[in-house]
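These notes are about the structure you will find just below.
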Amino acid sequence: MTDFLQGLNPPQKAAVEATEGPIMVIAGAGSGKTRVLTMRIAYLMANKGVDPFNILSLTFTNKAAREMKERIGKIVGPSEAKNIWMGTFHSVFARILRVEGHLLGYPSNFTIYDAEDSKKAINNVIKELNLDKEIYKTGNVARRISAFKNGLITPREYFNSPDLQEQDAAARMPQLGDVFNAYNEKNFRAGAMDFDDILLQTYTLLRNFPEVLAKYQDRFRYIMVDEYQDTNHAQYLIVKALANRFQNICVVGDDAQSIYAFRGANIQNILNFQRDYDNVQVYKLEQNYRSTKNIVGAANSLIAKNKNQLPKNVFTENDGGDQIVVHKTVSDSDEGAWVARTIFERQMNEHFDYSDFAILYRTNAQSRAMEDNLRRKNIPYRIYGGLSFYQRKEVKDLLAYCRLAINPKDEEALRRTINYPKRGIGDTTVERLTVKANQENRAIWEILENIDFFPDLDINRGAINKLKDYVTKINSYRILAENSDAFEVVNHISKTSGLMRTLGEDKTPEGVSRVENIEELLNSVKEFVEGQAEIEEGNPKLEGFMQDVALLTDQDKDDPNDRNKVSLMTIHLAKGLEFPVVFIVGMEENLFPSMMTVNSRADLEEERRLFYVALTRAEKQAYLSFAQMRYRWGKLVDCEPSRFLEEIDDKYLNQSTPEFSPFLSPEELQGFRQKRPNTAAQRNPMAGGDRRSARPQRNSPRSPVRPPAGMKKLSDQDSVSGNFEIHTDLDAGQRVKHPRFGMGEIKSMEGSGANKKAIIHFENVGEKKLLLKFAKLEKI
DNA sequence: CTAGTCCGTGTGCAT
DNA sequence: CACGGACTAG
């Protein structure tokens, strides 16, 4: 029964067959990691007779879990595969909390707040505590609270930590602890958990209730964690606790692809795994099956710039492939046009499908220029992420009613719906209810239900009646939800809440699309109900549908209409995916690497890993592009090429951009010459070292892209301008220093004027031909 | 209490 | 630019 293991290479096979004890699999990009995980689970079941109920497999997305189950099902049978505990940390532990959460005082129907709900709740707390919102900025406070929770710091620990309190006092937020505490209490009263609570409360549950811990330790005899490099402290401890009894824990990951530090992931978890567990067996998957030699080589040369990493040697036996194309454009829309044109041409001239292409970017805002141009060329595309379907206002509005039908104490859902569609319940009324709820230490809903018992509320009779109508309506939804299937309920709500009517009045294209979104939601509820009917103990009730709707993402919806489309997504979302042709756009300073990361080595290394992830998505061809100008914050700003372009070894690159001519017109040359004296600040005294302070000011064409020999004309649009030094006084024999290549000696000179090049022998990297216009040389 | 309008501020990735 | 919040007039 092991024939399914054929086709695995030796380390892959070894990792599959090592079933007992702590195991770490370091899996380079494209090294068949998912395959190993899948086979390992199948092997456990088919060869070791392990019961699927005893296997816990934590994946990074629900989609990955689904696909793995499908593949395992093909080997061991689908009904068996269904019983594996497999999913994201959040979905698996939310499921456990539904069962066990009562021990912590949570109802089984607790609501999961998404990021938007959390922010609004925090905002409300800041208002209720009368704090200055200019100082207590919602985003900052939310980030801080999230970091506490991911580090398992509760308000109690916070108030016991002078350090943390001092940090916040220094940030002029001495009451941050109060906000933190009030936010937690508010959510608890509302029967709500935010994303971070799912992990924090799971941890608390396992810590405080040894019998519960024992139960799950006994259940999860074999544990697998994918993307271990992206686990945070809470996840780390939960896994450790669960694995403690049997110690059959297998973590899979790649430290080079750790890109979620910003949400609390701790790369040390993977770096320290061998210290954390006894007798760890380590397997390294280093052969890349995905990409060409060029792409693998380029990615390796890039990631070598990072200091903090586990040693490994990713290689491939695939073809060399084409060089990575580096392309400069005038503007962001130009960049979009170029990408669209390139996709169109390659799709026409070669055998590519549209689904073979992906456009990856650092920020969601960049998708727009791409979309516009793809649409213009009638190229079908699909955008992932951004404002996901479930985050759209109209969808959330309808879901808010559904949430109340399940858990009417859900405060954010109540605030969303209490006066939308308009029913004459204004801010003042809600404000008074809030104050009363806080006084009584109750959810707003509980005040509403008993409104006659609070005559001191000072709400006029008209408003009271409207509130009562609202309560009646929600209660009727709740009763319906108990007795009918999800589709009936949601359909009824959409019609009777007034939502559909309100949306229908808007005849603009946006309004029409909102109605369509509601219809799409209804469709997916219908699908859910039908799907549940096929499952043995399926639950077609609204409760079942709402269970983890907050944890769903766009990726989890598989739309057959989305076949053969170009994929657009952020690099973060592209993790784990692969495409024959990948465009990485916006390769510019302050964009990629992001402006907020350039001041710390750790952040910059994470950006570099992010670029590494982006590059290694490509199977056959990667394109890198950057624009000279780009709209940001509604303004046109000048851009300069990303430092990352320089960090890839030249030999893997093809700087083909015709507009990107190094040659200057006489006028431009004159301009440069006149600015010559301004050099001291320009030249980098820390050559080769830490780049952060060495980053030239805007317009300084510290071009990473040395022009290939034989480049000819100067394009009119090429508006290189700036102030940097051209050494006109160099000659053979001169000792020079280059910021990247280090010390060297000029062997000979070539060309003249702006075209003047020096052939330099560098001590460390050998001979290079550098164009003086671009090379930042320092005479020694 | 609603609806209409102006202002200002930010946008970094996301379960 | 584009959204949310604040302000103002009915």
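In the text below, chain A, chain B and the rest are named by the order of the sequence lines, each starting its count at 1.
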Distance, rounded to the nearest Å, where [X] contributes [atom1] and [N] contributes [atom2]:
| X | N | atom1 | atom2 | value |
| --- | --- | --- | --- | --- |
| A:D427 | C:dG5 | CG | C1' | 11 Å |
| A:Y420 | B:dT2 | OH | C1' | 15 Å |
| A:K466 | B:dT2 | NZ | P | 7 Å |
| A:F195 | B:dT15 | CZ | P | 7 Å |
| A:N123 | C:dG5 | CG | P | 7 Å |
| A:I425 | B:dT2 | CD1 | P | 9 Å |
| A:K133 | C:dG4 | NZ | C1' | 10 Å |
| A:D117 | B:dT15 | CG | P | 15 Å |

Open item on the list: If you assign each of A:Q391 and A:K422 to its closest nucleotide in DNA chain B, which residue comes earlier from the 5' end?
Closed with: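 The residue whose closest nucleotide sits nearer the 5' end is A:K422.
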TODO: Could you verify whether a donor N or O on one side chain and an acceptor N or O on the other, from A:Y216 and A:E100, lie under 3.5 Å apart?
DONE: yes
TODO: Tell me yes or no: between the side chains of A:Y420 and A:T502, is some donor less than 3.5 Å from an acceptor?
DONE: no
Open item on the list: Quick check against the 3.5 Å criterion: does A:R423 have a side-chain atom that pairs as donor or acceptor with the backbone of A:I418?
Closed with: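 Checked: pair present.
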Open item on the list: Keeping A:N124 on the side-chain end and A:K120 on the backbone end, is there a donor-acceptor pair under 3.5 Å?
Closed with: yes
- [ ] Check whether any side-chain N or O of A:T429 sits under 4.0 Å from OP1 or OP2 of B:dC1, and answer yes or no.
- [x] yes
Task: B:dT2 phosphate, OP1 or OP2, under 4.0 Å from A:N419 side-chain N/O - done: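 So the side chain of A:N419 is within the cut-off, an N or O lying under 4.0 Å from OP1 or OP2 of B:dT2.
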Open item on the list: Between A:F188 and A:Y106 (judged by ring centroids, cut-off 6.0 Å), do the two rings come close enough to count as a pair?
Closed with: yes
Open item on the list: Are A:Y113 and A:Y183, when compared by the centres of their aromatic rings, separated by less than 6.0 Å?
Closed with: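 For A:Y113 and A:Y183, the ring centres are not under 6.0 Å apart.
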TODO: Treat primed atoms plus P, OP1 and OP2 as sugar-phosphate and everything else as base, then score nucleotides 6-14 of chain B 5' to 3': B for base contact with protein heavy atoms under 4.0 Å, S for sugar-phosphate contact only, - for none.
DONE: ----SBBBB
- [ ] On the 0 to 90° scale, with breaks at 30° and 60°, tag the A:F644-A:F611 ring pair as parallel, tilted or perpendicular.
- [x]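 Taking A:F611 first and then A:F644, their aromatic rings lie parallel (interplane angle under 30°).
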